[in-house]
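This report refers to the structure that appears directly beneath it.
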Amino acid sequence: MPFPQAKPLHVSPLQQELLQRMVQRTTSAQRLVKRGHIILEAAKGMSNTKIAAHQQVDYETVRRWRNRWHAAEESQNCERRAIEVLLSDEQRPGAPATFTLEQFMRIMALACETPASADRPVSSWTPRELADEAVKRGIVEQISPRTVERFLKGERFTAPSQALLAHSAARGPRRTGPADLHGLPGL
């Protein structure tokens, strides 16, 4: 039985340009490059089956990334980092995420605005100003400037799991020595 017809993807010219830059950048993670190619080919109207064959991935992988792009179209920010986060892996098991993808995307969209549009007396956003404005607009109840800074760097903030913390504490204090100066663990 053939697979159902996939919904066409809508990729703006700016999104397409950012995706093209991402897939051509030599420093991009290969998983993001592969996912970027999937989105670009889907935007050209290629079927999931053809994309899967061309990109040498499973059909379900193509379907997953096409569906994720569709789900995020309404709240998607055109920033390069937002696209990379959209195409990043799902959160792994562990502590639940502190912020939702929607909150993250709204903060990224806020960062794209000018501070003057929010009546802020600064010429460019600082993490503290963005955190204050996100709380003021009701995007989040509270957020630290450090978390905003992590968002802007493209990191998805999650707390370490309790097992990791317990494991680290069980090892005891770490010895330091000359090897530490070179980035090697102490002996």
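Across all non-hydrogen atoms, the minimal contact from Val11 to Ala43 is CG2-CB, 3.5 Å. Closest approach of Ala134 to Ile107, counting heavy atoms only: CB-CG1, 4.1 Å. Between Trp125 and Ala118, the shortest heavy-atom distance links the atoms CH2-CB, 4.0 Å. For Pro145 against Pro127, the heavy-atom pair with the smallest separation is O-CB, 3.3 Å.
Annotation: Phe104 is in aromatic contact with Phe151 [ring centroid separation under 6.0 Å].
Interatomic distance, NZ of Lys50 versus CD of Glu41, reported as 11.5 Å (0.5 Å rounding). In this structure, CZ in Phe99 is found 10.0 Å from CD in Glu141, a value given to the nearest 0.5 Å. With values rounded to the nearest 0.5 angstrom, Lys34 atom NZ is found 6.0 Å from Gln56 atom CD. With rounding to the nearest 0.5 Å, the separation of NE2 in His37 from CD in Gln20 is 8.0 Å. Separation of atoms CZ (Arg21) and CG (Leu18) is listed at 6.0 Å; rounding is to 0.5 Å. Rounding to the nearest 0.5 angstrom, the gap separating the CD1 atom in Ile139 from the CG atom in Leu130 is 9.0 Å.
Of the possible polar contacts, one joining the Gln103 side chain to the Thr100 backbone as a donor-acceptor pair under 3.5 Å is found. Under a 3.5 Å cut-off, the side chain of Ser28 and the backbone N or O of Met22 do form a donor-acceptor pair.
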Test salt bridge (charged side-chain N to carboxylate O under 4.0 Å, His left out) on Glu60 and Arg64; report intermediate values, then the result. CA-CA 6 Å; Glu60 288 300 314; Arg64 177 184 314 115; over 6 Å; no
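Evaluation of the side chain to side chain contact (heavy atoms under 4.5 Å, CB included) rule for Asp132 yields Arg120, Arg128 as partners, not counting sequence neighbours.
The side-chain heavy atoms of Glu113 and Leu110, taken from C-beta on, include a pair separated by under 4.5 Å.
When each of Thr61, Ile51, Ile39, Ile38 is checked for a side-chain contact (heavy atoms from CB on, under 4.5 Å) with Arg66, only Ile51 meets the rule.
Under the 4.5 Å side-chain contact rule for hydrophobic residues, Leu152 and Val135 share a cluster.
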